[in-house]
Amino acid sequence: MTIISTQPIAGQKPGTSGLRKKTPIFMGEHYLENFVQAIFDVVGAAGKTFVLGGDGRYFNDTAAQIILRMAAANGAARVIIGQGAILSTPAASHLIRLNKTDGGIIMSASHNPGGPTEDFGVKFNISNGGPAPESVTEAMYKRTTDISEYHILETADIDLGKIGRTSVGDMIVDVVDPVANYATLMESLFDFPAIAALFKGGFRMRMDSMCAVTGPYAVEILEKRLGAASGTCVNATPLPDFGGMHPDPNPTWAKALMDEMFGANSPDFGAASDGDGDRNMVVGAGAYVSPSDSLAVLAANAHLAPGYAAGLKGIARSMPTSAAADRVAVSLGIESYETPTGWKFFGNLLDAGRATICGEESFGTGSDHVREKDGLWAILLWLNILAVRKQSVAAILAEHWAKFGRNYYSRHDFEAIASNKADAMMAALRGSLATLPGQTLEGLTVQAADDFAYTDPVDGSISKAQGVRILFEDGSRIVLRLSGTGTEGATLRLYLERYAAGPEGLDLDPQDALAPVIRAAHTLAKIENYTGRVTPDVIT
Ligand code: VG1
Ligand code: CO
């Protein structure tokens, strides 16, 4: 074993979902090693078993070999790794749970583009299969600032292309099929015969994996096991640079899918997933499903799938996600929870059996089957619902709104803002919160304004400054927060919501329905004054 002395590296602070940096930074001297050693120093490696895999982006394979040599040098007993160092985030979460391991390392920068000049990332998941909680990531960050050495074995690379047992030093390495166990789990939750019958009856789907990790999973499950026509899965080969795509499944970045779904002779159902496979976008023929609505529809119809036939224990959503899911919880007579952004905040609720389904407005939905959001899971639950209800996506949405009312919703992202400007804007806004109640803008009167703080109902831990919320008397809402997943400058996320009870006015364009709320947000936060921006870069 070699012990290499190193200098602490400033700035290895995990964000919303692990540590993300430009790939050349991660490839820089001691950089990856410094962070991985900090992980092992915090969680301990001696005698332990970990899962390892990533979304296949550039540097994935090299990083995997380094992490294996470091795990061995730190005394780990065994690592379970996906063939070719590939694992989607939900599949990694499942393997951690299935094998009762001590956690896992996932190499991904999720929706951020991949390639030699793009992004790379590393996240650690704990033994419940979910993202490390803040207390753990804080300890890792602290460790990166005073670390002085790391441990690595000097050995040759091992063959990760061959399934089976091998070793690195004294450590066992099990190279496993990245898809098989996950596909079996999906088969246990959903009515595969009903979905297969749907496809057999001529139902057409387009699944866009955006050249990222879900390709092999989608082909195996949709085309091979469920009998969808070959060619249903497009962009299904994971590429180191995602084929130059930006694997963020939203109408902007998955434009080809949107064009297809809104064009003549469109398929019945469209879906896309992100870099590491934990997010999803679903689209019907001519019907875009907003992620907040998707969560609500899935929760309201989950009982139609065998895995959820007994009903839900509770529904959890992140704070910026619309309240549509809360209305479903009320009608089902179950609890609803509002957590800060990031899947790590759902872990305790899922472990405690208080929530069954969770979701975020950022195209993330999942359940207690793993401890991550899960793109293909959501797509399969939609398919199960479509197979049972035998209605179009548009009809299901219309019926949902007629019953619950509609929470018009949109997120506006302003990307690559100078960090100091974004920080100044948020500071000024936070400073003005006390003066806002009672003010009227664009015909909307502010009822309450705060900076969201969360007390975990299970372990009592407190997370502060999770986003500014401004609630208006008519129930409309504005939320502003800065992204914690970017690698360059700051991204401002502006979340907009307005409720329409119906029965009239349920089929407006969301941007039109939200126009006064959007104007009020710009006036209140002085977005243009601080950032020079008026028009968002991405609207979802
Ligand atoms: C974004 C989303 C958040 C999500 C996170 C990680 O975070 O808003 O809802 O949990 O990405 O998802 P932020 O801090 O940039 O707003 V993923 O698919 O990147 O693991
Ligand atoms: Co992701």
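Whatever order the structure lists them in is the order used to number ligands and atoms, beginning at 1.
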### Contact check: H111 vs ligand 1, nitrogen or oxygen atoms, below 3.5 angstrom
yes
### Heavy-atom nearest neighbour in the protein, as seen from atom 17 (V) of ligand 1, with distance rounded to 0.1 Å
S110 OG, 2.8 Å
### Query
atom 11 (O) of ligand 1: which protein heavy atom is closest, and how many Å away?
R279 NH2, 2.9 Å
### Query
Going by heavy atoms, is S318 under 4.0 Å from ligand 1?
no
### Query
Under a 4.5 Å cut-off applied to non-hydrogen side-chain atoms, are T117 and T23 in contact?
no
### N/O donor-acceptor pair under 3.5 Å between E361 side chain and S322 backbone
no
### Summary
Restricting to heavy atoms, the pick from E360, R20, R411, K123 nearest atom 8 (O) of ligand 1 would be R411
### Query
Which ligand 1 atoms are under 4.0 Å away from a heavy-atom of G484?
13 (P), 14 (O), 15 (O)
### Task
Return the set of residues passing salt bridge (charged side-chain N to carboxylate O under 4.0 Å, His left out) with D177 (not counting sequence neighbours), or none when no residue passes.
none
### Message
Please list, in number order, the atoms of ligand 1 under 4.0 Å from a heavy atom of G342.
### Response
10 (O)
### Task
Mind listing the protein N/O/S atoms less than 2.8 Å away from the Co ion (ligand 2)? Waters don't count.
S110 OG, D274 OD2, D276 OD1, D278 OD1
### Query
Do you know which of R477, R481, R411 makes side chain to side chain donor-acceptor pair (under 3.5 Å) with Y495?
R481
### Task
Could you label the plane-to-plane angle of the Y31 and F26 rings as parallel, tilted or perpendicular, counting under 30° as parallel and over 60° as perpendicular?
perpendicular
### Task
Quick one: sort the Y454 and F452 rings into parallel, tilted or perpendicular, breaks at 30° and 60°.
tilted
### Task
Select the closest option to atom 20 (O) of ligand 1 among D278, N112, D274, judged by heavy-atom distance.
D278
### Query
So which heavy atom in the protein is nearest atom 7 (O) of ligand 1, and how far is it from that ligand atom?
T485 CG2, 3.5 Å
### Task
Could you tell me which atoms of ligand 1, counted from 1 in the order shown, lie closer than 4.0 angstrom to a heavy atom of R493?
8 (O), 13 (P), 15 (O), 16 (O)
### Query
Please walk me through it: do D55 and F242 pass side-chain contact (heavy atoms from CB on, under 4.5 Å)?
CA-CA 10 Å; D55 61 17; F242 302 134; 4.0 Å; yes
### Task
Using the test ring-ring contact (aromatic ring centres under 6.0 Å, His included), find all partners of Y499 that sit at least two apart in sequence or belong to another chain.
none
### Query
Which atoms from ligand 1 have a heavy atom of R481 less than 4.0 Å away?
13 (P), 14 (O), 16 (O)
### Query
Is the number of heavy atoms from other residues, nucleotides or ligands within 6.0 Å of NZ (K421) greater than 12?
no
### Query
Among all residues two or more places apart in sequence or in another chain, which pass the salt bridge (charged side-chain N to carboxylate O under 4.0 Å, His left out) test with D241?
none
### Task
Dump the intermediate steps for ring-ring contact (aromatic ring centres under 6.0 Å, His included) on F40 and F50, then the final yes or no.
CA-CA 11 Å; F40 289 142; F50 298 106; 5.6 Å; yes
### Query
Given side chains that start at C-beta, do those of R20 and T485 come closer than 4.5 Å, heavy atoms only?
yes
### S362 and ligand 1 - part of the residue with a heavy-atom distance under 4.0 Å
side chain
